[in-house]
Structures are given as C-alpha cells and as structure tokens.
Amino acid sequence: MKTEIMGAEGIEYAATLIKRGEIVAFPTETVYGLGADAFNAEAIAKIYAAKGRPSDNPLIVHISKLEDAARAADDLPDAFYALAKAFMPGPLTVVVRKKAAIPDCVTAGLNTVGIRMPAHPVAREFIAATGTLIAAPSANASTHVSPTAASHVYKDLQGRIPLIIDGGNCDVGIESTVLSIAGTVPTILRPGAITEEMLSGVLGQVKLFTGKVDKAPAPGMKYRHYAPTVEAYLANGVQETDKLYAKLTAQNKKTVIIAENGLQENYADKPFIGLGDGEIDVARHIYGAFRQAEEGFDALIIQKLSDNGVYASVMNRVEKATARPSGGKLSE
Ligand code: TXA
Ligand code: MG
C-alpha cells in the first residue's frame, strides 16, 4: 500500500477513507493519532495490525464536540462536565463507563472508555467531517516513541496505512493525561500536560496511580513503551552524565547527550541534542530528540529533569524509555 501525505486539504478525503472502514493518521496537539471509526470493529482491527499492538490495550475515543461524548458513554457524571469545562478541548482523556454501542475491541473488553476532545483544529475538523467518533492510539509502531511530526509517522507506518494528514509539529509533545473517574476517587492513570494540581483544582481529591504495573487499570501501562531503538540511559547530573559518556564511548558506542539547552555549556565537546528550556519546551521536544538520536547514534544519555509539574510527566516517559530489564542501573 502506498502511504500518501496531505495537508489540511486532505481532510475530506481522510473522512471518506474512514467511512469506508480504512485507517488514517492525523495530527493532534499531543502526538499524532492513528484513527478509525470507533463503531466499526473491522476498521479497529486494522489499527492493531498496522501498529503491531497487543489487543488487550484499549484505544481512546476522540470527539470533535462535547455532545458527542454521550455517543460513547452512558450517564456521564457531573465530574466529566466539570473537567470538560476546564480542559476540553485539550490534552486530557477521561475514562468513564462505556456505552454498549462501542465495540469491545476498542476498549479491550473493559466496561469503561477513554474520551478525549483534541485541541488541534485539523484533528477536530477531521473528526467532524467523518460524522462518527474516532478511536485512535498514537500513530507509532507499537512500543516505539510516539510521533510528534508527520515524518515520524511515515517512518514507522509507511506502506501500512493509506494516508497521513500533516498538521505540523505537535505543540504539547507528550500523550494526553489519562484520568479515570469511573471509580470512587479520580485517578491519574497516565500523567501529562494537564497536571495533578490542575485536576485537583477542579475535582478536589485526585490520586496518582502508583500500584503494580501488571495490575494496572490502564492496561497499556504494563507494556514497554516510549522506547527509542538505540540504547537509552538516564543520568543524574553532569558528573554522572560525563562518567557514563566516557564508559559508552570506550565501548565504541557513538553517544549523544540530551538535556535542556542551558546545560549545553557543560558538554561543549560532545554531541548534544537540546530540549529547549522549561517544562513546555521539554515536553514538546522529547520524542523528536529520541528519534534524532536514532538517526546517527548507538546510545543516548538523557540528563534527569526536574520533577515538578509537566517535567514530572516528561520524566514518566523518560523513565520508561530508559528502563532496563535489570532495573536501569548505570553500572550494568
Ligand atoms: O494524547 C493522546 O492520548 C494520544 C492522541 C492520539 O490522542 N493517544 C494516545 O493513545 O496516546 P495510546 O493508545 O497510545 O494510549 C492510550 C492509553 C493507554 O495506556 C491505554 O491503556 C489507556 O490510555 N486507556 C485507554 N482506554 C482506557 C480505559 N478504558 N481504561 C483505562 N485506560 C485506558
Ligand atoms: Mg501510544
């Protein structure tokens, strides 16, 4: 199959493909998604096949307007509408009880569904043009880092999907916050740009899921995720980064350091990929930096970021990207 790339002029064509039961990659403000008609089980199967994704990992259902949430869920609670008022459209997915009309393959058999209204205008126009709801995971090959540019999607999925709508680089850069309000206490299943502080400002008590990953209520959490295809290490501070750099280069591994721009002066003689400065920049650039490292290096070292606010959500992805089966010890 030939994979076409079109700009916003491709939205009508994309909608036609969706109505025919095909899958289409589209931009959102977080990362690119790989969408299909949320009510068409055969189309959903094509998403899992194109990505190589395990079928017990549920998909998020994307809407273009708030009234459409009721097409995916029964009896939406007041908390849903309070969250929608504060954060929709935007980088938040809310998990609620699902409607029977949503096929089990979308939710991997769960009785809940994740609902999200993206802020990217191309995403919303595309979803609206299909007349349906769009089930979509991130548009990367399963376990690879999420795509934040159309070229990233092409690299991972060329030949496997008919169309990518190119909406430029993603503004947020990490996947949406996933918040479940299906249980007694609202629980963050995946941290993102909408932080715990922001959510508790609207809902009062909110907890961060910290339980065992194989018992995770978001099945996706148990899989290796966000992994670059080069060896990836996390180092705490300049000294540890230098030490590890020396060790890896002594093993003949071409190594690059990834950190905030302000730290570059510490690594003047070494290959360096800057993430910009501040939590917004770092989220926006993290996945692109991982992919850039894959182009010319054998290993990457990322210098540990702060764990406040959105930095903490970025660190959640970095920890997964640098996790080693033996526990991530730098000395191994
Ligand atoms: O920003 C995003 O959320 C992007 C864009 C395309 O919208 N999508 C995305 O989808 O990151 P995906 O499939 O890569 O990640 C969805 C996460 C998974 O960890 C999945 O387990 C969790 O959301 N999830 C989805 N539905 C759920 C449900 N009903 N209950 C618990 N977790 C759910
Ligand atoms: Mg994903």
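All ligand and atom numbering here is 1-based and tracks the order in the structure. Fair warning: this is a prediction, and the values are worked out from it, not measured in the lab.
- The residue from Arg53, Glu175, Glu29 that puts a heavy atom closest to atom 13 (O) of ligand 1 is Arg53.
- Between Glu196 and Lys207 there is no salt bridge, since none of the side-chain N atoms of the basic residue sits less than 4.0 Å from a carboxylate O of the acidic one.
- Each of the following atoms of ligand 1 lies closer than 4.0 Å to a heavy atom of Gly33: 6 (C).
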Check: residues 24-32 side-chain donor-acceptor pairs under 3.5 Å, at least two apart:
{"from": "Thr28", "atom 1": "OG1", "to": "Thr30", "atom 2": "N", "distance (Å)": "3.1"}
{"from": "Thr28", "atom 1": "OG1", "to": "Thr30", "atom 2": "OG1", "distance (Å)": "2.8"}
{"from": "Thr28", "atom 1": "OG1", "to": "Val31", "atom 2": "N", "distance (Å)": "3.3"}
{"from": "Thr28", "atom 1": "OG1", "to": "Val31", "atom 2": "O", "distance (Å)": "2.7"}
{"from": "Thr28", "atom 1": "OG1", "to": "Arg116", "atom 2": "NH2", "distance (Å)": "2.9"}
{"from": "Glu29", "atom 1": "OE1", "to": "Ala119", "atom 2": "N", "distance (Å)": "3.0"}
{"from": "Glu29", "atom 1": "OE1", "to": "His120", "atom 2": "N", "distance (Å)": "3.4"}
{"from": "Glu29", "atom 1": "OE2", "to": "Arg116", "atom 2": "NH1", "distance (Å)": "3.0"}
{"from": "Glu29", "atom 1": "OE2", "to": "Ala119", "atom 2": "N", "distance (Å)": "3.1"}
{"from": "Thr30", "atom 1": "OG1", "to": "Arg116", "atom 2": "NH2", "distance (Å)": "3.0"}
{"from": "Tyr32", "atom 1": "OH", "to": "Asp166", "atom 2": "OD1", "distance (Å)": "3.4"}
{"from": "Tyr32", "atom 1": "OH", "to": "Gly167", "atom 2": "N", "distance (Å)": "3.0"}
{"from": "Tyr32", "atom 1": "OH", "to": "Gly168", "atom 2": "N", "distance (Å)": "3.3"}
{"from": "Tyr32", "atom 1": "OH", "to": "Gly168", "atom 2": "O", "distance (Å)": "2.7"}

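- Salt bridge status for Lys247 with Asp242: absent, with no side-chain N to carboxylate O gap under 4.0 Å.
- Counting heavy atoms closer than 4.0 Å to ligand 1, residue Leu189 contributes side-chain atoms (C-beta onward) but none from N, CA, C or O.
- With a 4.0 Å cut-off on non-hydrogen atoms, Arg97 does not touch ligand 1 at all.
- Both the backbone and the side chain of Thr112 come within contact range of ligand 1, each with a heavy atom under 4.0 Å.
- A cation-pi arrangement is absent between Lys253 and Phe297 under the rule of less than 6.0 angstrom and at most 45 degrees off the ring axis.
- Only side-chain heavy atoms of His62 come within less than 4.0 Å of ligand 1; its backbone N, CA, C and O stay farther off.
- Salt bridge absent: Asp298 and Lys254 never bring a charged side-chain N and a carboxylate O closer than 4.0 Å.
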* Report the C-alpha separation of Lys155 and Glu295 in whole Å, then their side-chain angles, then the decisive distance to 0.1 Å, and conclude whether the salt bridge (charged side-chain N to carboxylate O under 4.0 Å, His left out) test is met. => CA-CA 11 Å; Lys155 182 111 209 270; Glu295 297 299 319; 3.5 Å; yes

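- Taking only nitrogen or oxygen atoms, main chain and side chain alike, Lys51 does not reach within less than 3.5 Å of ligand 1.
- Taking 2.8 Å as the threshold, Ser138 counts as a candidate ligand of the Mg ion (ligand 2), since one of its N, O or S atoms lies below it.
- Closest to atom 9 (C) of ligand 1 by heavy atom, among Ser138, Pro58, Ala135, Pro118, is Ser138.
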